Number of protein chains: 2
Amino acid sequence: MATIKDVANLAGVSAGTVSIILNGKASERKISIETQEKVMAAVKELDYRPNISARKLRSQDVSNNPTIALYWASDVRVNLMARFLRGLQNATSQLGRNFDIVICPYKNDFLHLENGLKHRNIYNAAIIANTSVSDMEYLESITPEIPVVLFNRFSDKYCAVHVDNYKMGVESALLFSKMGHKDAAIMLAKSAYLAMDIRNRGFVETCKNNGIEILPENIIISDNTIEGGVEAAKKFINLDNPPKALFCNSDTIALGALHVFNKEGIKVPEDVEIIAVGMSSVENTEFSNPPLTVVNIPMEEMATSCIKIISGLIDHNVENSTSILFDTPLIIRDSCGAIRPKSAQ
Amino acid sequence: MATIKDVANLAGVSAGTVSIILNGKASERKISIETQEKVMAAVKELDYRPNISARKLRSQDVSNNPTIALYWASDVRVNLMARFLRGLQNATSQLGRNFDIVICPYKNDFLHLENGLKHRNIYNAAIIANTSVSDMEYLESITPEIPVVLFNRFSDKYCAVHVDNYKMGVESALLFSKMGHKDAAIMLAKSAYLAMDIRNRGFVETCKNNGIEILPENIIISDNTIEGGVEAAKKFINLDNPPKALFCNSDTIALGALHVFNKEGIKVPEDVEIIAVGMSSVENTEFSNPPLTVVNIPMEEMATSCIKIISGLIDHNVENSTSILFDTPLIIRDSCGAIRPKSAQ
DNA sequence: CTGAAAGCGCTTACAG
DNA sequence: CTGAAAGCGCTTACAG
């Protein structure tokens, strides 16, 4: 990488002169047109780009926000990030402190390729979200150079903001049980995510314990997209004996399924009751037709909490393995468990 | 802000020693426990935080990505940003070059309070999205210190990636005209955004020219949220003579309206035909009930284009006022203009 | 009109 | 076990 000195040498002037020209003070300092042209030519030839760190160091006028890396798996639905970012914004306004949040997309299972955790001078701190099992193993094996908070994961070693995934599955199963169901189907997002697996286990095991049968063919795997839900619903409809209880591991999938059910005249909740895990904005499931019963993951609040911990870590006044467990409220809406007006029964 | 020298002075040691301790090399370098404790105490007392710029400058090991500020109005639906970020990701992979994208939420009409454009050493470049009229005036009046690309806005002065907002309104009106409508209603997001105003004008003026009447009471203003659409739809239903053509300036509002229509047994498109401006993910309108006809703003492609221009500006090989106008295709779906099977007619 | 030099806050060989 | 010094790449008074 060319430096200002290289440019100066090539142009046959001093570094100071190059700096003046590059900072648009050429006319103010009466630098000759000729010199200016020589310098700009050298800049182009060497593909010179100023070193921002050196600039910042030199001219201290500018308040320097801490830079926080947000590691977000690139194949995770970006609109989940929307909720997260909303929470981040809340936090900065609550803390009266500003952070530069840098979005760092990473490929699941390849977190170890990222440099930000290994160096102390890229970011001041990091939030790591949507780790896969092997990413977690990697994290357990290293000691990052910067403060780290895990989002929606737990570890003894790190600060973490998380939910009880198993319980989410349990509560969904219990609601089905309460509604008197004896068999159920599941739509699962295919993914490498531990959290989702744990949720499924919670659901499946609780079903078993409460006399709800889940036949192997009633477990439908799909992409974690609306379209994935559409495909899954088509499979569901074609089952020999579609259960009247459906658990969707992601509300995105549930929305796709609703689309198909509405189109095909399958009534929710009369023909099939649905519970979904609330990952996307509450709005999306609140105003679907019908509104969906969800076990809600409070992303915004969790994100706010993340930033507060990070802020504390940077200031050295938070314990190095603080964990906050968030509750995941069951929001009962028309798709399952709601008391319906007589006319609709 | 305390420096390493301050810490060294307070602890009564040299700056080098402080550095060694802070970098976790104390035991390796056999620094006495006593010294370590003195230093850490001084660090805490002074609330010392290392200057990342100085670190970066000193230890050049780490590749330094250009930092791009993404100015995004904080009251704009964050899930629009989702689409934008998806486009950004595509760009970085296409360019084989990495950028640090820093999310900079700003308050509309207060872009002038942001420092990033005024200094050359905070960010390397900026993308500015969702400017209000007065933000645009501000931008016209200044010369930013860094390369800037406008997103979904146009200016002679800046690079811009934009769409023909007027035409979006025109095409929606023309489709209604083709469907034989003689009157129409509009649901508008209340906002300070020029783009939305222009769209409305395009729609209203074209309606007028084509004999479609829009009564003042048929113009419904609402929040740009699903809930806003719900409220708007309730007002729509209570109109004395609700038109059979409805233009929504935002698909988010349209989704809220659909919720109400479905609930109240108002059939789309039989009872009312809907065209919406496609701002959120295509998925969301593709799998609603019924799927929505939209004039789509190709956010992802526009974002990709933004980054490519930025990359060119940084490398000095793109013109300083390059503009790219994107097409906004009309996507015909069931809510308006689709050829329906006989059974549904 | 332009150059030489100081110094921003760090880290790291080197010396002792 | 610790300190003094050099130097990363810039910018900016100062000198001429």
Side-chain angles (χ1 to χ4, degrees), chain A residues 1-40 42-43 46-64 66-67 119-122 124 145-146, chain B residues 1-40 42-43 46-64 66-67 119-122 124 145-146:
Chain A
M1 189 73 176
T3 70
I4 201 169
K5 247 183 154 174
D6 298 326
V7 175
N9 285 145
L10 183 60
V13 297
S14 74
T17 303
V18 175
S19 174
I20 287 162
I21 294 171
L22 254 31
N23 287 333
K25 296 181 182 163
S27 54
E28 175 187 331
R29 295 289 300 274
K30 314 218 183 209
I31 305 286
S32 72
I33 301 285
E34 195 191 0
T35 304
Q36 291 184 44
E37 281 170 352
K38 271 192 303 184
V39 167
M40 292 317 289
V43 164
L46 295 174
D47 191 22
Y48 169 73
R49 267 164 278 155
N51 180 320
I52 287 242
S53 299
R55 268 199 186 150
K56 276 192 185 163
L57 183 57
R58 172 58 222 229
S59 29
Q60 326 238 249
D61 47 358
V62 172
S63 78
N64 209 344
T67 304
H119 295 272
R120 321 185 62 232
N121 30 18
I122 307 186
N124 295 82
E145 294 289 324
I146 54 175
Chain B
M1 190 72 174
T3 71
I4 202 169
K5 244 181 156 175
D6 299 326
V7 174
N9 285 144
L10 183 60
V13 298
S14 73
T17 304
V18 175
S19 175
I20 287 162
I21 293 171
L22 254 30
N23 287 332
K25 295 182 183 163
S27 54
E28 176 188 328
R29 294 289 299 275
K30 313 220 185 208
I31 306 286
S32 73
I33 300 285
E34 195 192 358
T35 303
Q36 291 185 44
E37 281 170 353
K38 272 191 304 185
V39 167
M40 291 317 288
V43 164
L46 296 173
D47 191 23
Y48 168 73
R49 266 163 278 155
N51 180 319
I52 287 242
S53 299
R55 267 198 186 149
K56 276 192 185 161
L57 183 57
R58 172 57 223 228
S59 28
Q60 326 237 248
D61 45 358
V62 171
S63 77
N64 211 345
T67 304
H119 295 273
R120 321 186 62 235
N121 31 17
I122 307 186
N124 296 82
E145 294 289 323
I146 54 175

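Just so you know, these numbers use all the heavy atoms, side chains as well, and skip hydrogens, waters and symmetry mates. No experiment lies behind these values; they were computed from the predicted model shown.
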Any side-chain N or O of [X] below 4.0 angstrom from OP1/OP2 of [N]?
| X | N | value |
| --- | --- | --- |
| B:N51 | C:dC8 | no |
| A:K25 | D:dT12 | yes |
| B:T35 | D:dC1 | no |
| A:T17 | C:dG3 | yes |

[X] side, atom [atom1]; [Y] side, atom [atom2] - distance, nearest 0.5 Å:
| X | Y | atom1 | atom2 | result |
| --- | --- | --- | --- | --- |
| B:L46 | B:L10 | CG | CG | 5.0 Å |
| B:Q36 | B:T17 | CD | OG1 | 11.0 Å |
| B:N23 | B:R55 | CG | CZ | 5.5 Å |

Specify the closest pair of heavy atoms between B:A11 and B:A42, including all atoms of both residues, with the distance to one decimal.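 Scanning both residues completely, I find the closest heavy atoms to be CB-CB, 4.1 Å.
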Measure [atom1]/[X] against [atom2]/[N] and give the value in whole Å, please.
| X | N | atom1 | atom2 | result |
| --- | --- | --- | --- | --- |
| B:L22 | C:dT11 | CG | P | 7 Å |
| B:I20 | D:dG3 | CD1 | C1' | 9 Å |
| B:K5 | C:dG7 | NZ | P | 9 Å |
| B:H119 | C:dC8 | NE2 | P | 20 Å |
| B:I21 | D:dT2 | CD1 | P | 8 Å |
| B:D6 | C:dG9 | CG | C1' | 10 Å |
| A:R58 | C:dG9 | CZ | C1' | 13 Å |
| B:E28 | C:dA13 | CD | C1' | 13 Å |

Measure from the side-chain heavy atoms of [X] and tell me the nearest of [options].
| X | options | result |
| --- | --- | --- |
| B:T3 | D:dT12, D:dT11, C:dG9 | C:dG9 |
| B:S32 | D:dT11, D:dC1, C:dG3 | D:dC1 |
| A:N23 | C:dT2, C:dC10, D:dT11 | D:dT11 |
| A:L57 | D:dG9, C:dT2, C:dT11 | D:dG9 |
| A:R29 | C:dC10, D:dA13, C:dC14 | D:dA13 |
| A:A54 | C:dG9, C:dT12, D:dG9 | D:dG9 |

Below 4.5 Å, heavy atoms only, C-beta onward: do B:L22 and B:M40 meet side chain to side chain?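 Yes, at least one pair of side-chain atoms sits under 4.5 Å.
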Identity of whatever pairs with C:dA15 - Watson-Crick or G-U, under 3.5 angstrom: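 Per the H-bond distance test, D:dT2.
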